[in-house]
Amino acid sequence: MKTLASLTAVLIVAIAGSASAQEARIRWGDLDLSTAAGADAFDARIRSAARKMCRNIPVTGGRAACQTAVRDEAVRLLPGAAQVDYALSRVPLVA
């Protein structure tokens, strides 16, 4: 049952735009967020969703802020253990 749940895990990220709220689904259940490769793939999915969700915002009107908000919301919506795995995979290794 846990395997099935993780394979279908999806985040639904919503932002309020000037015209109407938008929603994006970001799949993450197939990724191992505790690895750099898994976290990189999750980041790429977030960037793709953010570009789509924020495309109608002018560059000078806060597009970068919109994309940052999408990223922050996607990470916030991860379950606790997945957030920890993701955060730890983003910490650079110190030699």
Side-chain angles (χ1 to χ4, degrees):
M1 185 66 150
K2 184 178 179 184
T3 303
L4 179 60
S6 68
L7 290 176
T8 61
V10 124
L11 297 174
I12 299 177
V13 179
I15 62 167
S18 57
S20 63
Q22 295 183 30
E23 183 177 287
R25 293 178 183 263
I26 302 170
R27 296 199 179 281
W28 63 273
D30 61 326
L31 302 174
D32 181 354
L33 297 181
S34 68
T35 67
D40 288 346
F42 182 62
D43 287 341
R45 292 175 188 184
I46 292 172
R47 279 192 303 275
S48 177
R51 278 193 302 272
K52 290 175 187 170
M53 292 180 77
C54 301
R55 69 178 168 249
N56 294 327
I57 297 175
V59 173
T60 58
R63 186 178 298 165
C66 174
Q67 291 175 344
T68 298
V70 170
R71 181 198 172 281
D72 292 348
E73 182 69 1
V75 173
R76 186 188 71 76
L77 290 172
L78 286 170
Q83 281 185 22
V84 171
D85 287 345
Y86 175 78
L88 290 174
S89 71
R90 302 286 89 198
V91 176
L93 296 175
V94 179

Between atom [atom1] of [X] and atom [atom2] of [Y], what is the distance when rounded to the nearest 0.5 Å?
| X | Y | atom1 | atom2 | result |
| --- | --- | --- | --- | --- |
| M53 | E23 | CE | CD | 8.0 Å |
| I46 | T68 | CD1 | OG1 | 11.0 Å |
| L78 | I26 | CG | CD1 | 9.0 Å |

What are the two closest heavy atoms between [X] and [Y], and how far apart are they?
| X | Y | answer |
| --- | --- | --- |
| Q83 | R76 | NE2-O, 2.7 Å |
| L33 | W28 | CD1-CE3, 4.1 Å |
| F42 | V75 | CE2-CG2, 4.3 Å |
| Q67 | C54 | N-SG, 3.5 Å |
| A39 | S89 | CB-OG, 3.1 Å |
| A24 | A49 | CB-CB, 4.0 Å |

Side-chain heavy-atom pair R51, S48 within 4.5 angstrom cut-off: yes

Test item: R90 and D85 side chains (from C-beta on) under 4.5 Å apart, heavy atoms: no

Polar side-chain atom of R45 near backbone of R27 as donor-acceptor pair, under 3.5 Å: yes

